[in-house]
Engineer: 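One structure is given below, represented as structure tokens, and several questions about it will come after.
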Amino acid sequence: MDLNESNLQSLTDFLRKTLDPDPAVRRPAEKFLESVEGNQNYPILLLTLLEKSQDTVIRVCAAVTFKNYIKRNWRIIEDEPNKISDSDRTAIKANIVNLMLSSPEQIQKQLSDAISIIGREDFPQKWPDLLTEMVTRFQSGDFHIINGVLQTAHSLFKRYRHEFKSNELWLEIKLVLDTFAQPLTELFKATIELCRTHATDVNALKVLFSSLILISKLFYSLNFQDLPEFFEDNMETWMSNFHNLLNLDNKLLQTDDEEEAGLLELLKSQICDNAALYAQKYDEEFQVYLPRFVTAIWNLLVTTGQEVKYDLLVSNAIQFLASVCERPHYKHLFEDQNTLTSICEKVIVPNMEFRSADEEAFEDNSEEYIRRDLEGSDIDTRRRAACDLVRGLCKFFEGPVTAIFSGYVNSMLTEYAKNPGVNWKHKDAAIYLVTSLASKAQTQKHGITQANELVNLSEFFVNHILTDLKSPNVNEFPVLKADAIKYVMIFRSQLPKEQLMQAVPLLIAHLQAESTVEHTYAAHALERLFTMRGPNNTTLITAAEMAPFTEQLLNNLFKALALPGSSENEYIMKAIMRSFSLLQESIVPYVPTLIGQLTHKLLLVSKNPSKPHFNHYLFESLCLSIRITCKANPDTVISFEEALFPVFTEILQNDVENVSFGTPMHVTHFSFSLAEFVPYVFQRTGNIPPLVRLLQAYLEKGGSAIASTAADKIPGLLGVFQKLIASKANDHQGFYLLNSIIEHMPPESITQYRKQIFILLFQRLQSSKTTKFVKSFLVFINLYSVKYGAIALQEIFDSIQPKMFGMVVEKIVIPEVQKVSGQVEKKICAVGITKVLTECPAMMDTEYTKLWTPLLQALIGLFELPEDDSIPDDEHFIDIEDTPGYQTAFSQLAFAGKKEHDPIGEAVSNPKILLAQSLHKLSTACPGRVPSMLSTSLNAEALQFLQGYLQAASVQLV
């Protein structure tokens with residue numbers, strides 16, 4: 001694509017169409033842009049547009065498109081085409097920083113993100129001058145430019161917070177510190193000085209405080225891995241200024257907005273984070289500053305209001321106290337009974353209250369409420385922070401803290417009892433306090449695993465939780481109902497089974513509650529209870545115990561999906577899946593009705609798949625329905641095909657991402673499938689495992705039918721194999737497919753293609769030999785030997801090149817067979833090698849004879865030696881699911897599990913016995929030769945093992 005006015009205009013038109021609400025206009029434009037992504041100059045055209053277009057909307061659209069393009073294509077992935085030319089990469093890196101700094105804020109943010117994506121791949125090795133270019137901009141004095149640099153640096157360096165330690169990481173951080181730490185510190189001091197100078201200029205203060213927030217975030221990132229020497233030497237500068245900023249209260253920066261945190265709150269929140277980092281990780285160096293930070297943060301907590309805008313600040317401030325009180329050498333700060341009482345009264349209890357903002361979220365933004373409360377992502381909420389502080393204090397002061405809170409809990413419950421309709425929030429806080437007091441250790445799988453022995457959970461359940469669950473009106477006090485359900489869920493490992501069984505029918509009833517939070521919690525609680533294990537590793541609650549409730553459980557779960565706000569509720573769908581799994585054949589009578597509802601739901605969500613977890617559990621539920629019903633009555637397979645295949649066909653024809661399936665359909669659909677699937681295999685990594693598995697299933701069920709009625713599709717099938725083995729990431733999938741072709745297709749149907757298959761494999765061996773490929777290759781050639789005979793294997797090798805068979809045996813089979821892993825794979829290799837040793841005349845009568853004993857030695861090694869799992873240092877496999885940018889990865893369906901398939905089966909139960917019997921047969925055919933070859937070249941240990949096999953098979957060599 002040339003850089004000219006015509007192309008710029010054309011690109012502008014297509015970008016405008018991508019904003020059109022009409023899919024008929026929007027989708028073709030998106031497809032066109034996708035199709036030209038690989039063209040040279042495409043990214044440069046986008047950058048030119050976002051710089052020079054007169055239309056602001058087009059400029060922003062170009063910026064977003066550019067960022068997404070970089071996200072998808074910048075990373076160079078082995079075996080995949082490089083969509084961005086080297087000249088474009090160089091031009092982008094040469095211009096993007098300047099462009100980002102001179103652009104309006106909206107565009108600056110997109111370009112800053114793009115720089116951080118490029119930096120993640122190229123910095124520092126391929127982009128060494130990036131930091132120097134950025135640091136020089138600090139001298140500009142223009143805070144629009146400075147903040148652009150800081151934002152980009154933050155995007156680049158924030159990954160240091162979660163990267164694993166490594167030499168490469170240390171070297172990069174050292175480079176960054178050498179270039180960046182001093183200028184950042186100077187900028188920090190200068191910005192604080194400017195804040196004093198412009199203390200009465202609100203507009204200037206807003207820009208300067210934005211800079212201070214970013215500087216504070218950068219401080220956190222650069223100090224996270226270890227305490228850098230530079231920051232240790234300059235700790236006084238940073239900590240004194242941080243402390244002063246915590247105490248600062250500039251009225252000009254206070255906002256009227258009660259929801260959105262202002263700049264002052266955001267800055268103080270980050271400083272609390274920075275102080276907590278130092279208190280936790282560098283306590284010795286930070287010790288001298290700690291008391292003044294504790295005082296400042298305590299004052300902050302007792303003077304800050306309950307408004308939502310202060311939530312982040314308060315939670316970070318409480319987290320600081322929590323991190324301090326857990327450290328043994330700080331515990332003296334909290335020992336005094338009055339201090340503990342004051343913390344409980346002034347910090348913990350007020351921040352556990354259910355505020356009107358929480359009530360609004362519960363009713364109007366249930367999804368966000370559930371995400372924060374149930375999934376543990378409420379890391380920034382006051383309640384979570386208060387809960388963490390309780391746990392921290394209980395580490396050294398469990399007795400006194402429990403005693404203090406017990407008084408609060410009792411008084412709150414007394415207040416509630418006086419007037420439940422008005423005082424229900426008191427009970428909510430009491431339940432939350434009990435939960436935080438009792439919880440010492442928790443896991444996703446088991447809930448609370450270690451509880452405070454001073455809290456009687458069972459008694460509290462009977463006196464205060466059961467009453468709410470038993471209330472006949474499930475819609476009364478929904479918050480308290482949700483609290484009660486959550487209590488059962490998180491203390492499920494601590495409560496006795498009879499209390500859990502008491503709760504089950506009550507939870508089923510709550511699936512019908514109007515409140516989204518309440519019926520979601522009920523579904524989640526049931527799903528968690530159904531996964532619990534009893535003493536014999538069976539489920540704690542059995543299908544027999546669920547029998548009285550089965551019909552109501554299934555009815556209520558499916559009705560809950562029809563409740564407003566829950567049409568794609570992943571917790572309900574997961575509970576359906578888990579119920580099917582627990583109840584097994586008990587669901588068979590209900591399946592005809594349920595399968596209709598599930599397929600209808602699938603058709604609806606496939607039109608706009610937006611909830612990947614919901615979709616996944618929906619497919620799991622479909623798999624379970626098929627598995628359980630077809631096991632009970634194999635004749636139902638046809639009815640499942642009739643119900644499901646039209647839906648699957650529609651999904652695949654509509655090219656839907658986020659939805660893929662692994663359940664094989666009738667062989668008559670093979671032609672359609674291959675025509676539909678081949679493009680998928682090329683397009684999306686996530687589709688490869690399920691589609692290969694589907695093709696394998698077709699071959700297994702109807703290899704002969706395909707050969708006779710769809711022979712014209714065989715080249716297409718082999719085309720899929722060719723594409724897959726060319727990729728290091730997916731070559732094993734190519735071998736899965738090839739092995740199925742060898743195993744299930746009639747030999748004559750692929751005779752004409754066999755030689756070409758082997759040539760392709762040799763080409764890949766020569767161009768890119770990896771351990772994974774060699775292991776797969778060994779399994780394949782030995783399966784070929786098993787299915788077509790050792791002579792056929794020897795002949796096809798030697799037809800490609802004379803003496804090729806000997807080279808493969810000597811250079812690949814003998815040295816590498818020890819690396820083969822997996823019982824079935826080892827068995828295939830053992831049987832295949834046995835056939836080569838005993839059924840291939842060339843091994844006895846030609847120059848290949850010298851390989852006979854080493855090959856036998858390698859086979860005995862395969863039987864007796866541990867697996868060789870070493871991998872050469874220079875081999876780094878791409879993770880099979882490592883997909884660039886946004887791509888739907890493959891998610892294996894647990895309930896569509898594939899049984900390990902043994903192509904040899906019962907024909908050979910013990911390969912060692914087969915070897916002994918086959919050698920006996922060979923020695924009978926040519927007396928004297930086998931014992932002579934063994935005695936001259938097989939080592940003593942291997943000979944001893946072989947004698948054992950012969951004795952076990954009751955045969956002798958002659």
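Since the structure is predicted, the reported quantities are computational estimates derived from the model, not experimental observations.
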Engineer: To the nearest 0.5 Å, tell me how far S211 OG sits from L187 CG.
Structural biologist: 6.5 Å
Engineer: Can you name the nearest heavy-atom pair linking C272 to L300, along with the distance?
Structural biologist: SG-CD2, 4.4 Å
Engineer: Are the aromatic ring centres of F396 and F334 under 6.0 angstrom apart?
Structural biologist: no
Engineer: Could you go through K268 and E265, starting from their C-alpha distance and side-chain angles, then the distance that decides it, and tell me whether this counts as salt bridge (charged side-chain N to carboxylate O under 4.0 Å, His left out)?
Structural biologist: CA-CA 5 Å; K268 290 182 179 183; E265 291 80 53; over 6 Å; no
Engineer: H243 pairs by ring-ring contact (aromatic ring centres under 6.0 Å, His included) with which of Y289, W238, F293?
Structural biologist: F293
Engineer: State yes or no: are the ring centers of F188 and F242 separated by less than 6.0 Å?
Structural biologist: yes
Engineer: Tell me the salt bridge (Lys or Arg N to Asp or Glu O under 4.0 Å) pairs involving residues 168-178, sequence neighbours left out?
Structural biologist: R159-E172, K174-D178
Engineer: Salt bridge between K425 and D358, side-chain N to carboxylate O under 4.0 Å?
Structural biologist: no
Engineer: Is the distance between the ring centroids of F320 and Y278 under 6.0 Å?
Structural biologist: no
Engineer: If only side-chain N and O atoms count, and only distance matters, is there a donor-acceptor pair under 3.5 Å linking D373 with Y521?
Structural biologist: yes
Engineer: Is R371 salt-bridged to E368, cutoff N-O under 4.0 Å?
Structural biologist: yes
Engineer: Can a salt bridge be assigned to the pair R161 and D273 using a cut-off of 4.0 Å between side-chain N and carboxylate O?
Structural biologist: no
Engineer: Shortest non-hydrogen contact from L340 to P400?
Structural biologist: CD1-CB, 4.0 Å
Engineer: Check whether the side chains of Q287 and D283 place a donor and an acceptor atom closer than 3.5 Å, and report yes or no.
Structural biologist: no
Engineer: Does a salt bridge link K427 with D468, judged by any charged N lying under 4.0 Å from a carboxylate O?
Structural biologist: yes
Engineer: Does either side chain, that of S240 or that of E236, offer a donor lying less than 3.5 Å from an acceptor on the other one?
Structural biologist: yes
Engineer: Any donor-acceptor pair under 3.5 Å linking the side-chain atoms of Q254 with those of D249?
Structural biologist: yes
Engineer: Test the K281-F224 pair against the cation-pi criterion, namely NZ or CZ under 6.0 angstrom from the six-membered ring centroid and within 45° of the ring axis.
Structural biologist: yes
Engineer: Can you give me the closest heavy-atom contact between F143 and L194, atom names plus distance?
Structural biologist: CE1-CD1, 3.6 Å
